[in-house]
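Working notes, structure below.
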Amino acid sequence: MSSCCTPDGSCGTGTTTVTAVADSTATAYRVSGMSCGHCRTAITASVGALEGVLSVDVDVDGGLVTVTTAGAPDDAAIGAAIDDAGYELTGRA
């Protein structure tokens, strides 16, 4: 017999609610200094932590980072997050 209680003691039904964002924007940025999987991981974590960012796709070989946001992207915040990760945003693609 299964229980609906979660490990933290709260009750749940095991269902997940998914909210669709109709107003999303994908923006590609040129980024220099990327050379490996670690670069991909660092940029994904840094940019992905920003409010409003839905997904981050890093093309190391192409030098591109595509950021999908809910609404218009905050270029300054994305640039700062890329800089904080140790790379340089050189402009939109």
Side-chain angles (χ1 to χ4, degrees):
M1 177 181 270
S2 66
S3 171
C4 68
C5 294
T6 61
D8 68 358
S10 64
C11 289
T13 61
T15 60
T16 303
T17 302
V18 176
T19 304
V21 178
D23 189 26
S24 64
T25 304
T27 308
Y29 299 92
R30 287 188 181 86
V31 177
S32 65
M34 300 185 298
S35 63
C36 64
H38 170 74
C39 302
R40 176 183 292 112
T41 301
I43 290 173
T44 300
S46 185
V47 175
L50 296 173
E51 185 174 335
V53 171
L54 303 174
S55 68
V56 180
D57 180 49
V58 179
D59 176 3
V60 172
D61 294 332
L64 294 175
V65 175
T66 303
V67 182
T68 303
T69 55
D74 183 343
D75 290 340
I78 292 168
I82 289 172
D83 185 59
D84 287 347
Y87 307 91
E88 182 183 1
L89 186 146
T90 59
R92 283 192 180 198

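Values reported hereafter were calculated over all heavy atoms of this structure, with side chains retained and with hydrogens, waters and symmetry mates removed. Along the sequence shown, residues carry numbers from 1.
Scanning for side chain to side chain donor-acceptor pair (under 3.5 Å) contacts around Thr68 gives Ser55, with sequence neighbours left out. Every residue meeting the side chain to side chain donor-acceptor pair (under 3.5 Å) condition with Tyr29, not counting sequence neighbours, appears here in chain and number order: Asp75. In this structure, the side-chain contact (heavy atoms from CB on, under 4.5 Å) partners of Asp59, at least two apart in sequence or on a different chain, are Asp61, Leu64.
Residues Arg30 and Arg92 share a closest heavy-atom pair of NH1-O, 2.8 Å. Taking all atoms of both residues into account, the shortest heavy-atom contact from Thr66 to Ala28 is OG1-CB, 3.9 Å. When all heavy atoms of Val60 and Ser35 are compared, the pair lying nearest together is CG1-C, 3.6 Å. Nearest heavy atom pair, residue Pro73 against residue Ile78, reads CB-CD1, 4.0 Å.
Among residues at least two apart or in separate chains, there is no salt bridge (Lys or Arg N to Asp or Glu O under 4.0 Å) pair with a member in residues 77-88.
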With a 3.5 Å cut-off and sequence neighbours excluded, list the donor-acceptor pairs that the side chains of residues 39-52 form with protein atoms.
unit_1: Arg40; atom_1: NE; unit_2: Val58; atom_2: O; d: 3.4
unit_1: Thr41; atom_1: OG1; unit_2: Gly37; atom_2: O; d: 3.1
unit_1: Thr44; atom_1: OG1; unit_2: Arg40; atom_2: O; d: 2.7
unit_1: Ser46; atom_1: OG; unit_2: Ala81; atom_2: O; d: 2.7

